[in-house]
Amino acid sequence: MSETVAITLLTLKVGALSLAFSLAPGIGLGWLLSRKRFPGRLILQTILTLPLVLPPVAVGLGLLLLLSGRGPVGALCRSLVGWNPLFTWQAAALASCVMSLPLLVRASQQAFASVPARLEHAAATLGSSPWRVFTTVTLPLARRGIAYGVLLSFARGLGEFGATTLIAGSIPGRTETLALGIYGRVQRGDDRAALGLAAVSAAMAFGATYLSERWLARSERESR
Amino acid sequence: MQPSGRYNQLDLRYRTREFALEFEAEWDPPSAALFGPSGSGKSTVLEIVAGVRRGASGRVILDGRTILDTRRGIEPPARARWIGWVPQDASLFPHLSARENVRYGIRRGGAEGAKRLDAAIEALEIGELLPRRATELSGGERQRVAIARAVGSGARVLLLDEPLASLDLPLRARVYPLFIRLRDELRLPMLYVSHDAEEVVSVAEHVLVASAGRCVASGPAKDVLGAETRAGAFRVHAAENRFSVRLLETHSAEGTALLGLASGLRLVMSSTPLPEREEFDVVIRGEEIILSVVHPGPLSAQNVLEGRVTAVEEGAGHVLVGASVSGTPFAARITRRALEALDLRQGRAVYLIFKASSVLLASRADLPRR
């Protein structure tokens, strides 16, 4: 039982760090794609959608190349802080972040698009800098749609398997999250333990998704 | 030309795929109305002036202040223009209360903005609305809150885009005098967009007529709207009574003043605020005049004038009744139902009744300097 608790806590920790990684870029990219027209916008949009459609293992392979001793990010980590990011829980968080970011970007983009530009214009004529317009008008009006994206991407991140297994492995007590734990126990033939972890997974996924749908329903009701 | 004092100029060129704007006009009075049919570019002009629509070239001077001069590289962002832009939909922030809305621009407006905001809240009679959420306000309430919000931000000029368009007639009659009060008490120059000639005449001394992205006429309200414009597009029958008067007596204890017309006719108006000059113009809106075929007897309304019906003209949803009071022509606007009930016809004797507070100063420039 304590093993289940430990795995669940690790999964939540990985999910939290993944969320911390993806929050600023997710919301920022969502805003950029909804409000700005620039060359290469469509290419960026496509690249950001790729993790949703590529095999997760392929994305994991890409991350592995980046983080390995010969990859740019891995080499930088090793030479700067003498730290090997591969097969750590932080690597699991990175994999989860990359895989779930598209959901946050999409949701934020839609949330920002639903904020009328006229309100931002009005705020500007009242003396607000672009940053103040964003924090006092755009963000508060988009908050429910963004919250939906945050919860949905968090839920998606909790279940990340394919990319995580390549760069974080499945080291019990260190990188073994719920999804990895289920797979490992099924491989070992320990179906009971696998089912237990699956139940926890399902409960968490249900909770996060239910909350996100409730936010969305409320935001739709409010904007009417 | 050297800009000086309260000089105003619009010289704008703006082109999109569907629309070309080439708008040139100059005027001296602080307030002007921009009049024209929908699609004539009125709102676009306001958006360019406010700085929320970029890409126009030319020059904008309002109240002696250069706001845009693309040839000299003057094109400040909207937040640095100090212009109160009130679009037709009011654009209140829906996630805030009315109070939070009106206080939104205080950060720029500062102490002076806060002071003027208090005055605007009073003039526009929105004090009671402040605790409500912006989404709970009606059309007319939204407009007034949006105007107060602009005043609080320290706006030095107000751009009002069809502020009465979303209101029905009785509500207009109630809200419109509040705008006049605001304009006069805060001395805020306005550029007022409307397609309603009556509204235009009552709000501004100067009228610019827009048609297909151009300014086709510019001049004093009574000259421009009385006749057909060069565009030939508008013929206006304004139920607007504008008279040159002379101040005869002031009864400050009663709060009234007695005015005399050249024809000898006397009118009573509220004495606050009164101009410094002895001769000035006043306006009485056609809807403010009550008609009666019998003498009403003692009444709270201070003006009861006896006249004769000279014309009955049926318009869309209302009737204009022309009446002559000892040679002075008046126009009253009534409903068709009232016309039938009173059986008004040319030549009939009629009493014109209106309150002292319905006699308004026609020109902002007449107000005493404080």
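Naming: A, B, ... by sequence-line order, numbering from 1 per chain. Computed over heavy atoms, backbone and side chain alike; hydrogens, waters and symmetry mates excluded.
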Within the supplied structure, the quantity of interest is the number of heavy atoms (other residues, nucleotides, ligands) at a distance under 6.0 Å from A:Ile43 CD1; does it exceed 12?
no
Measuring heavy-atom distances to chain A, does B:Arg81 have an atom under 4.5 Å in its side chain, in its backbone, in both, or in neither?
neither
Are there more than 12 heavy atoms of other residues, nucleotides or ligands under 6.0 Å from atom CG of A:Leu9?
yes
Using a 4.5 Å heavy-atom cutoff, which residues in residues 112-133 of chain A come close to chain B?
A:Arg118, A:Leu119, A:His121, A:Ala122, A:Ala123, A:Ala124, A:Thr125, A:Leu126, A:Gly127, A:Ser128, A:Ser129, A:Pro130, A:Arg132, A:Val133
Within a reach of under 6.0 Å around CZ of A:Arg37, are more than 12 heavy atoms found that belong to other residues, nucleotides or ligands?
yes
For A:Arg214, does the CZ atom have more than 12 heavy-atom neighbours from other residues, nucleotides or ligands under 6.0 Å away?
no
Tell me whether A:Arg41 at atom CZ has more than 12 heavy atoms from other residues, nucleotides or ligands lying less than 6.0 Å away.
yes
Results of side chain to side chain donor-acceptor pair (under 3.5 Å) for A:Gln45 - residues two or more places apart only:
A:Gln109
Residues, nucleotides or ligands: over 12 heavy atoms within 6.0 Å of B:Arg13 CZ:
yes
Of the backbone (N, CA, C, O) and the side chain (C-beta and beyond), which part of B:Arg79 lies under 4.5 Å from a heavy atom of chain A, both, or neither?
both
Let's test your reading of the structure: which of B:Ala150, B:Pro94, B:Ala80 forms the most heavy-atom pairs below 4.5 Å with chain A?
B:Pro94
Region of B:Leu96 that comes under 4.5 Å of a non-hydrogen atom in chain A
neither
Region of B:Arg149 in contact with chain A, defined by heavy-atom distances below 4.5 Å:
both
Taking atom CZ of B:Arg103 as the centre, report whether more than 12 heavy atoms of other residues, nucleotides or ligands fall under 6.0 Å from it.
no
The test is side chain to side chain contact (heavy atoms under 4.5 Å, CB included); show your working for A:Thr136 and B:Phe93 and say whether it passes.
CA-CA 10 Å; A:Thr136 60; B:Phe93 304 128; over 6 Å; no
Within 6.0 Å of CZ in B:Arg214, more than 12 heavy atoms from elsewhere:
no
